[in-house]
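Note that the coordinates shown come from a computational prediction; the quantities given were computed from them, not determined experimentally. Numbers restart at 1 for each chain; the letters A, B, ... are given by sequence-line order, proteins then strands.
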Number of protein chains: 2
Amino acid sequence: MRRTPVGRQTRAARGIPEATVARLPLYLRALTALSERSVPTVSSEELAAAAGVNSAKLRKDFSYLGSYGTRGVGYDVEYLVYQISRELGLTQDWPVVIVGIGNLGHALANYGGFASRGFRVAALLDADPAVVGATAAGLPVRHMDELESIVESQQVSIGVITTPPGAAQQVCDRLVEAGVTSILNFAPTVLTVPDGVDVRKVDLSIELQILAFHEQRKAGEEPEDEEPAEEPVRERAPGPVRAAAAKLRRAASGGKETKGETDRQAVLPA
Amino acid sequence: MRRTPVGRQTRAARGIPEATVARLPLYLRALTALSERSVPTVSSEELAAAAGVNSAKLRKDFSYLGSYGTRGVGYDVEYLVYQISRELGLTQDWPVVIVGIGNLGHALANYGGFASRGFRVAALLDADPAVVGATAAGLPVRHMDELESIVESQQVSIGVITTPPGAAQQVCDRLVEAGVTSILNFAPTVLTVPDGVDVRKVDLSIELQILAFHEQRKAGEEPEDEEPAEEPVRERAPGPVRAAAAKLRRAASGGKETKGETDRQAVLPA
DNA sequence: TAGATTGTTAATCGATTAACAATC
DNA sequence: TAGATTGTTAATCGATTAACAATC
């Protein structure tokens, strides 16, 4: 996707796969721990175990960065820490704004891993006058009105959105307009951004739903309903009839079934 | 990966790809919004736009669930909400424990999207006597000692870990031992679990680092250091020499470089 | 019947993995 | 030199996408 030979000529490092990029922080964390224990070198096998991946994947990942290992020996911990840090852009300082200082914004402002790794909270912003002026993590909460001036004066390129879902797109638009080009979105909202802006999302509800899916599988696949047994080959009733049927099922599904090892009530999301 | 024909015979739905499972919650969210606006039917094109994916992917995803659409018409919103909810296991109620009631645990306990979608906070747990007894989101914080009895008596199968990193594995072990088989980990720790236990992780620091990587790319790839230009073809000095060189570079890299459009200080993660 | 839209096919792309030659 | 471990190859697997026949 990303194909941005903006600067000078493209070097090998340009083509690092997304899946690899997403694992570099894991390797870096494991390496940092080794570094703190003054471990001088580490093999792909050991490091992979510490990072929770297999060693073939790790070596493949590192091969995109260059040949930083020594055959028969392993990797120099300090050197790798430095190379990965540089590859990830962590040899710079990245000022970040957090917009929406509710419970979650508060938690993030206080998050330790934030300050390390080169990320610095440039400002906390909120639209609520009752919150503005309060202090979180030693920083004053400032009003949304200051968003543009802060982003510009402090060269903020990363914004974190922890607003209620209804405000997220609007906040996102303002951040982008002001010059932010990377957004980490904690609001359960699909954000629309122009080309060149990256959005990553963190969504508790989605993670839980994925876990629930697998949990249900593990629980043994008993019927959760009256007639689910041969459900894929269901008859094709016209839409409205189906909807009515669904409603009936929903109404009927309250607290009926009992799973083998559990006894959970049937509940549909609101 | 997951191949668990635990219950009776395997039906088509067994083989839903992970990537599809991860998108079902997105579709469900978009459908719920349509449902609330009383929209009766939706095309793959419209729904895909609302969920932020392309329509071919959406149709492919839905094809794993069954044939729930009507050619020439689209999908019945209510019916799809029901089918996806059931597929994800959301027609049941899932009691969840949150362990570690710091800022983040607090925020999660208060998170609205938690209570909807069938997830219910069964208990908040903390090891710190100073926190135990306090109230968060209307629930008392209980002591870790009660973990086992709560998990067993309330049939909790999902645990959320929001402890400091040092405590995460230990908490994880206790959860698993008590019977929890799905874990959502917010601590920046690689958790080791037995087969049959699912772990998903949410890691702010990793997300920010991935954004920083792309941000750096966008910024145009100027040298962040003295000699990075032909860095992939670097000479292969033996480990210790490399490490020393790296340290030199680290020491030297403080506040030197100036990017084209930014002026950030060079900082290495702690 | 004509128009619309699904469900599926097949091609392509990207990620994972095992195996092993290269080489320290 | 012998043992260890990297870096790379090639096979496999899974995910994405465009296109279109099926069919409402």
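Nearer to the 5' terminus of DNA chain C, by closest-nucleotide assignment, is the contact made by T20(A) (compared with the other of V73(A) and T20(A)). Toward the 5′ end of DNA chain D lies the nearest nucleotide of D61(B), the other residue of the pair D61(B) and G72(B) mapping further downstream.
Straight-line distance from the CD atom of E46(A) to the P atom of dA4(D): 13 Å, rounded to whole Å. At whole-Å resolution of the value, CZ in R59(A) and P in dA10(D) are 17 Å apart. Taking atom CZ of residue F62(B) and atom P of nucleotide dT5(C), one finds them 16 Å apart after rounding to whole Å. Per the geometry, CG belonging to D76(B) stands 15 Å off C1' belonging to dT5(C), to the nearest Å. Atom CG of L47(A) is separated from atom P of dT5(D) by 14 Å (rounded to the nearest Å). Here the C1' atom of nucleotide dG3(C) and the CD atom of E45(B) are 16 Å apart, to the nearest Å. If you measure from atom NZ of K60(B) to atom P of dG14(D), you get 13 Å, rounded to the nearest angstrom. Taking atom CD1 of I16(A) as the reference point, atom C1' of dA15(C) lies 15 Å away to the nearest angstrom.
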Legend entry - Working for salt bridge (Lys or Arg N to Asp or Glu O under 4.0 Å), residues R59(A) and E45(A): CA-CA 9 Å; R59(A) 288 197 301 277; E45(A) 200 66 56; 5.1 Å; no

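Here the side chain of S43(A) is nearest to one of dT6(D), dA21(D), dA15(C), namely dT6(D).
In terms of heavy atoms, T192(A) sits closest to D173(A) at O-OD1, 4.2 Å.
In this structure, dT23(D) forms a base pair with dA4(C), meeting either the Watson-Crick or the G-U wobble geometry with both donor-acceptor distances under 3.5 Å. The nucleotide dA11(D) finds its pairing partner in dT16(C), both defining distances of the Watson-Crick or G-U wobble pair being shorter than 3.5 Å.
Residue-level contact check: A56(B) touches the bases, meaning some heavy atom is under 4.0 Å from a base atom. Backbone-only contact: Y75(B) has heavy atoms under 4.0 Å from sugar-phosphate atoms and none from a base.
The aromatic ring centroids of Y68(A) and F62(A) lie 6.0 Å or more from each other.
A side chain to side chain contact (heavy atoms under 4.5 Å, CB included) with F186(A) is found for exactly one of V160(A), I161(A), D203(A), namely V160(A).
Checking the phosphate oxygens (OP1, OP2) of dT5(C), no side-chain nitrogen or oxygen of S44(B) falls inside 4.0 Å.
Counting only N and O atoms by type, the side chains of S205(A) and Q209(A) include a donor and acceptor under 3.5 Å apart.
With hydrogens and angles left out, the side chain of R71(A) and the base of dT6(D) share a donor-acceptor pair within 3.5 Å.
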